[in-house]
Amino acid sequence: MEDLNVFGHIKLAPPDPILGTAEAFKKDTHADKVNLGVGAYRTDEAKPYIFKAVKEAEKRILADPTLNKEYLPMRGLDSFNSLARELLLGKGCAAIAENRVATIQCISGTGSLRVGAEFLKVNVNPPAVYVSSPTWGNHLTIFKKAGCIVREYPYWKPETRGIDIEGMLNTLSSAPIGAVILLHVCAHNPTGVDPTPQQWDQIQNVITQKRLIPYFDSAYQGFASGDLERDAYVVRKFVNEGSQCLVSQSFAKNMGLYGERIGALHIICRNKVTAEHVLSQAEIVVRQMYSNPPLHGALIASVILADPALTQSWKVELKAISERIIQMRVRLLEELIKLKVPGDWTHITSQIGMFSYTGLTSQQCENMINKWHCYMLKNGRISMSGINTKNVAYVARAIKHSVDHSPKL
Amino acid sequence: MLFRSLRRAVSFWKDVPQGPPDPILGISEAFKRDTDPKKVNLGVGAYRDDNSKPWILPSVKKAEDAIYNGKGDHEYLPIEGFDAFNTSAVKLAYADCPAVADKRIAACQSLSGTGALRLGMAFLKRFYPKSNTVLVPNPTWGNHKTIAKDSGLDWKEYTYYNPANYGLNFNGLVGDLEKAPDGSIVLLHACAHNPTGVDLTHAEWDQLYDLFAKKNHVPFFDMAYQGFASGNTDHDAYAPRKFVKGGKSILLCQSFAKNFGLYGERIGCFSIVCDDAAEKDRVMSQVKILARPMYSNPPIYGAKVVSTVLNTPDFNKQWLADVKTMADRIINMRAALVDGLKTCGSTRDWSHITKQIGMFAFTGLKADQCQRLAKEFHIYMTMDGRISLAGLNSKNVNYVAEAIFKVSN
């Protein structure tokens, strides 16, 4: 019997812009190709970096006869949750001591955002969720998929290549009560531009006055400045000063555990009972998506964070990779100055974290890709980790050519 | 600025109610809290050895050692997961179906069975406009209904279990699927039906195939026990293969939680059999769009383990033996329980316990009897009378038999 073509009407979906860049890079056979796309750390040899602390943790896990592969509870590995919470909020955090932080292990940052978004939609139903303009593309998709109304607040100011703080504060001031405001804790993705401490104070002020709900995305703690405490400054300040908020935490970059999908969602509540209720509702979201989170990455992170010596050696490695990124910023700027590329490029060194919003137009970006095989996003974002001592001069030449041959508006 | 004084008078989350405990995973937690030395956990479906300990399969251990000593890293997988894993998962499920060689099976690594079901239902919601309802057997795994609801689908039950003889009501099943509108989405348990353990015979599957061909229903298979049910992976995959060889497009959700003992690593595969390779590419592109805002890309470790086992001949051979070991112990426990009941003097017909297949048996006990078993005998099971055979061992089977005899007399 002839079968009707059940799925014949389905069209080919556009490739994911970020992950699509990585695929295009892979297919390219050009000798000088440079991957300035996906945000995964690369060494000076353009290779992934496996933390020695991670390898040691895996060794211990394999050798431990008390461990097994049983289902984790929906909330994940308890030891991981406590240690992740402490790492983020600090050992002396009152909110932790008062048991009012609901923590649920999630599928890295993305998974945590999705659970957070679904939790908010179902249980709080905020009038809107505000994300920075620009922000990581998947932020919008995640919140929309959860059924939230998504709006943007001004953030990046192309003229100054800095923050449009006035625009941002204005928009937040007129946001409805109970609106959720998504904030990047450090190393803003894609711009690399973070608010100054004074600007954070202003933002915090408006959020508190207008009774908005802060939702922090923490994907680069320790990776941005090399200092875990320093990078967590903003979220600790908010929480220690009484904020009820959400935090999505990822260990993809700072432990190099990208593919293991290890992260957490923390919801800071007013009191212990509320935290318990909140956790139970977040668990329901998880149950319907994937039942319970994956074990391996949680064990690795937990083993590292539970052992002071291993934590210390992890911190040393983290500082080193963060240093390499900072060094590459310095080198790239040097090369651009050497080549006398028109314009002010100091934002390359004033920005922070894995990414730089170069300010290149989409035409110039296309030139980078098509002529120079430098794979980057069309919004001008480059991943600094794709730059190393061998290709930094080449990348600078590519930028020069792109700027000279397709002038900016 | 001090914000302590501005701590909100009212919590954002004050109206969040306590979520109901998950019925299945909730049993585990009750069992954990019980301090009675005689306690028995016949709740969650995770395999236990004869000492009631979780069992790490020897083939899995071998693969883990090989992975640790190998050159792998923790980089992000593509959205669709680990390619070598997807290929071996498809081969295991579909074997010699021509669709495999035709390269028209869209396969996406998923967060175990639950994750595959969520992808599948979300896919059908978006791309199968003909129906917004998934037909599920009565009874079925509770999470099937919750996942459907959360994916935006309605669910409706079709006749399956016959309480009169603790077996299959095949005529009732056929009748219901005949009456259902053409092109209905029908969820089918490929083997080892959860919770009843009641399966169709191969001959019954053949009959059902004809019905599906006539009614043009969409077969949506949940296969969580391939190899685990009978001890033979080909025998257990008879149904999906029959449908595919007959030319039907099926959706298949595979879990490797039980048959590889990789519960906590969350490894599964969602696949759709398409008309041709081009359609497969289009379908794949849309599945990826569903996965990205859920978790970006799946966890790598479990995929590496399964792939290493299935693709290394020695490990694969060991695995087939391991899965048979588990299946055989379960089958032995079924017989031992029935013997135990006879020895107690029960005159009831308990043959359904040995006729049923897989991890679970539908004992026929009522909710109040199950509650008595928990309260008086510290034997934990779900309130529908389902027991997990894996919780039985040579030391406790007689105690359980006596307890069941006492509450059912």
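It should be emphasised that the depicted structure is a prediction, and the values quoted were computed from it without experimental measurement. Letters A, B, ... are given to chains in the order of the sequence lines, protein chains preceding strands, and every chain is numbered from 1.
- For the pair R118(B)/F270(B), no side-chain contact is recorded, criterion being any heavy-atom separation below 4.5 Å from C-beta on.
- Going from atom NE2 of H74(B) over to atom CD1 of I300(B) covers 8.5 Å, rounded to the nearest 0.5 Å.
- Proximity to chain A (any heavy atom under 4.5 Å) is shown, for A122(B), by neither the backbone nor the side chain.
- Contacts between V115(A) and chain B at a heavy-atom distance below 4.5 Å are absent for every atom of the residue.
- Contact of L117(B) with chain A is not made at all, since no heavy-atom distance falls under 4.5 Å.
- When heavy atoms are compared at a cutoff of 4.5 Å, S108(A) does not approach chain B at all.
- Panel note: side chain R100(A), backbone K272(A); no donor-acceptor pair is recorded below 3.5 Å.
- A salt bridge does not link E70(A) to K53(B): none of the charged side-chain nitrogens sits closer than 4.0 Å to a carboxylate oxygen.
- Using a 4.5 Å cut-off between heavy atoms, L77(A) makes no contact with chain B at all.
- Contact check for L211(B) versus K215(B): side-chain heavy atoms found under the 4.5 Å cut-off.
- Distance check: Q105(A) CD to F251(A) CZ gives 10.0 Å after rounding to the nearest 0.5 Å.
- Within the 4.5 angstrom heavy-atom criterion, only backbone atoms of I268(A) (N, CA, C, O) approach chain B.
- Taking a cutoff of 4.0 Å between a charged side-chain nitrogen and a carboxylate oxygen, E118(A) and R114(A) qualify as a salt bridge.
- Heavy-atom distances place the side chain of F119(A), and not its backbone, under 4.5 Å from chain B.
- Note on ring orientation: taking the six-membered ring where Trp is involved, the planes of F123(B) and F127(B) are tilted (angle from 30° to 60°).
- Neither the backbone nor the side chain of S112(B) comes within contact range of chain A, judged by heavy atoms closer than 4.5 Å.
- Remark: the S296(B) side chain and the R292(B) side chain contain an N/O donor-acceptor pair separated by less than 3.5 Å.
- Contacts between I284(A) and chain B at a heavy-atom distance below 4.5 Å involve the side chain alone, from C-beta outward.
- With chain B as the partner, the residue from E23(A), M255(A), R42(A) showing the most heavy-atom pairs under 4.5 Å is R42(A).
- No part of L299(A) comes within reach of chain B, as not one of its non-hydrogen atoms sits under 4.5 angstrom from that chain.
- Using a 4.5 Å cut-off between heavy atoms, E279(B) contacts chain A through its side chain alone, with no backbone atom that close.
- Heavy atoms closer than 4.5 Å to chain B are found in the side chain of I50(A), but not in its backbone.
- Using a 4.5 Å cut-off between heavy atoms, P129(B) contacts chain A through its side chain alone, with no backbone atom that close.
- Chosen from Q286(B), R266(B), M284(B), R282(B), the residue pairing most often with chain A at heavy-atom distances under 4.5 Å is R266(B).
- Looking at L251(B), only its side chain comes within 4.5 Å of chain A, counting heavy atoms on both sides.
- Atom NZ of K55(A) has more than 12 neighbouring heavy atoms from other residues, nucleotides or ligands inside a 6.0 Å radius.
- Of the two parts of K149(B), neither the backbone nor the side chain holds a non-hydrogen atom closer than 4.5 Å to a non-hydrogen atom of chain A.
- By number of non-hydrogen pairs under 4.5 angstrom with chain B, the leading residue of E260(A), H296(A), K59(A) is H296(A).
- For chain B, no part of K26(A) is nearby; none of its heavy atoms comes within less than 4.5 Å.
- Contacts of A282(A) with chain B are absent, with no heavy-atom separation under 4.5 Å from either backbone or side chain.
- The side-chain heavy atoms of V305(B) and L262(B), taken from C-beta on, include a pair separated by under 4.5 Å.
- Residue with the most contacts toward chain A among D73(B), D276(B), T114(B), L111(B): T114(B) (heavy-atom pairs, distance under 4.5 Å).
- Between I104(A) and E283(A), the closest side-chain pair of non-hydrogen atoms falls below 4.5 Å.
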Note to self: I'd like to know whether T274(A) forms a side-chain hydrogen bond (donor to acceptor under 3.5 Å, both in side chains) with R270(A), so could you lay out the CA-CA distance, the side-chain angles of the two residues, the decisive distance to 0.1 Å, and finally the verdict.
What the structure shows: CA-CA 7 Å; T274(A) 304; R270(A) 189 158 188 275; over 6 Å; no
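- Considering only heavy-atom pairs separated by less than 4.5 Å from chain B, the leading option among N138(A), I142(A), L257(A) is N138(A).
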